[in-house]
2 protein chains.
Amino acid sequence: MGLSKTDNFTAEENELAAFAKALGHPARVAIIKYLSTQASCVCGSIVEVIPLAQATVSQHLKELKNAGLIQGNIEGNSICYCLNPEKWKKFKAMLEPTFNYIEQPVCC
Amino acid sequence: MGLSKTDNFTAEENELAAFAKALGHPARVAIIKYLSTQASCVCGSIVEVIPLAQATVSQHLKELKNAGLIQGNIEGNSICYCLNPEKWKKFKAMLEPTFNYIEQPVCC
DNA sequence: TTGTCTTATTGCAATATTACGATAAAGAAC
DNA sequence: GTTCTTTATCGTAATATTGCAATAAGACAA
């Protein structure tokens, strides 16, 4: 159908899926990586770094913002996009059980 | 276009995106959570737990397997799906820099 | 062999995503 | 005011994803 049946799953499952989905595109991974390492967060410099058209980058930024992974702050004439620490901590916390599980000897 | 321009991105960006994309659906999150907590890994019990048709669950399992996050071992008449520790460690390692970054005071 | 149980695949319809050019909107700079 | 700069949105085309019924494929049992 092309329509995820989100109603059948828990809020936590849906939220983790939303975080993961937002990160599920190389351009968005590149944006997050850039924001994790650079001091700069101006939208314009993100557009310069990502090898896609400005409209497309803007669309990817919107998806990351919708998922909550980044937030945009107006900075004079431009916009500063930054990681949202709270959401990233939540993301990390939701992955932790699986990250811990695989440290033990796994079945099969 | 609906076609990701993966060529423009690094292998690492594409791999992280592939992991995240595989996890980007609540059914697949639920499958991973189930495999992280239960001893059972038989395909049939996964189908019982996920509120979707058997064909759909099989499709989701295939995507998780393609991404490398799980592996299937034939267990008599059925199949045992387990997490792939190596890939999960890689996934974790690739997220670590961002997880560490957000512990510091962030810009803006 | 025949039947049963388990999982995968096929075929299809509905919806979502990706990408970009063109254009709009909102400020700064003048 | 006008113009430039910066970012967002619209419109559109191509492709991908999701979901399920139906069916196939494989292994085991009798």
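Throughout, a chain's letter reflects where its sequence line sits, starting with A, and its residues are numbered from 1.
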Is any side-chain N or O of [X] closer than 4.0 Å to OP1 or OP2 of [N]?
{"X": "A:Tyr81", "N": "D:dA8", "answer": "yes"}
{"X": "A:His60", "N": "C:dT17", "answer": "no"}
{"X": "A:Thr56", "N": "C:dA19", "answer": "no"}

Between atom [atom1] of [X] and atom [atom2] of [Y], what is the distance when rounded to the nearest 0.5 Å?
{"X": "B:Asn100", "Y": "A:Lys92", "atom1": "CG", "atom2": "NZ", "value": "6.5 Å"}
{"X": "A:Leu52", "Y": "A:Ile46", "atom1": "CG", "atom2": "CD1", "value": "13.0 Å"}
{"X": "A:Glu63", "Y": "A:Ile31", "atom1": "CD", "atom2": "CD1", "value": "9.5 Å"}

*Check the surroundings of atom NZ in B:Lys89: do more than 12 heavy atoms from other residues, nucleotides or ligands lie under 6.0 Å from it?*
yes
*Evaluate the ring planes of A:Phe91 and A:Phe19, with Trp represented by its six-membered ring, and classify them as parallel (under 30°), tilted (30 to 60°) or perpendicular (over 60°).*
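The rings of A:Phe91 and A:Phe19 sit tilted, inter-plane angle from 30° to 60°.
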*Parallel, tilted or perpendicular: which describes the rings of B:His25 and B:His60, with under 30° parallel and over 60° perpendicular?*
tilted
Separation of [X] atom [atom1] from [N] atom [atom2], in whole Å?
{"X": "B:Ile31", "N": "D:dG19", "atom1": "CD1", "atom2": "P", "answer": "11 Å"}
{"X": "A:Lys62", "N": "D:dC10", "atom1": "NZ", "atom2": "C1'", "answer": "10 Å"}
{"X": "A:Leu64", "N": "D:dA8", "atom1": "CG", "atom2": "P", "answer": "12 Å"}
{"X": "B:Asn66", "N": "D:dA16", "atom1": "CG", "atom2": "C1'", "answer": "14 Å"}
{"X": "A:Gln59", "N": "D:dT12", "atom1": "CD", "atom2": "P", "answer": "15 Å"}
{"X": "B:Glu63", "N": "C:dT17", "atom1": "CD", "atom2": "P", "answer": "14 Å"}
{"X": "B:Ile74", "N": "C:dA8", "atom1": "CD1", "atom2": "C1'", "answer": "12 Å"}

_Cationic N near anionic O, under 4.0 Å, B:Lys90 to B:Glu15_ =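 A salt bridge links B:Lys90 with B:Glu15.
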Please tabulate the protein-to-nucleotide N/O contacts below 3.5 Å involving nucleotides 22-26 of chain C, giving atom names and distances.
none

_Using every non-hydrogen atom in the two residues, find where A:Cys41 and A:Cys82 come nearest and quote the distance to one decimal._
SG-SG, 4.1 Å
*Looking for any heavy atom pair under 4.0 Å, which part of the strands does A:Ser78 touch: base, sugar-phosphate only, or nothing?*
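Sugar-phosphate, no base atom in range.
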*Which part of the nucleic acid, if any, lies within contact of A:Ser4, taking any heavy atom under 4.0 Å across all strands shown: a base, the sugar-phosphate backbone alone, or nothing?*
sugar-phosphate
*Pick the nucleotide of DNA chain D nearest each of A:Phe9 and A:Ile79; which residue has the one closer to the 5' end?*
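Between the two, 5'-proximity favours A:Ile79.
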_I want to confirm an ordering. Mapping A:Lys65 and A:Thr6 to their closest nucleotides on DNA chain D, which one lands closer to the 5' end?_
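The residue closer to the strand's 5' end, by nearest nucleotide, is A:Lys65.
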*Any chain of hydrophobic side-chain contacts (each under 4.5 Å) joining A:Val49 to A:Val42?*
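Result: no, two separate clusters.
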*Between B:Trp88 and B:Leu69, is there a donor-acceptor pair closer than 3.5 Å when you use the side chain of the first and the backbone of the second?*
yes
*Closest listed nucleotide, where the reference is the side chain of B:Val42 and the choices are D:dC20, D:dT7, C:dT7*: C:dT7
*Which nucleotide sits closest to the side chain of A:Lys5: D:dG19, C:dT9, C:dA19?*
D:dG19
*Residues of residues 13-28 of chain A with any non-hydrogen atom less than 4.0 angstrom from an atom of DNA chain C: list those, numerically ordered, please.*
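DNA chain C contact set from residues 13-28 of chain A: A:Lys21, A:His25, A:Arg28.
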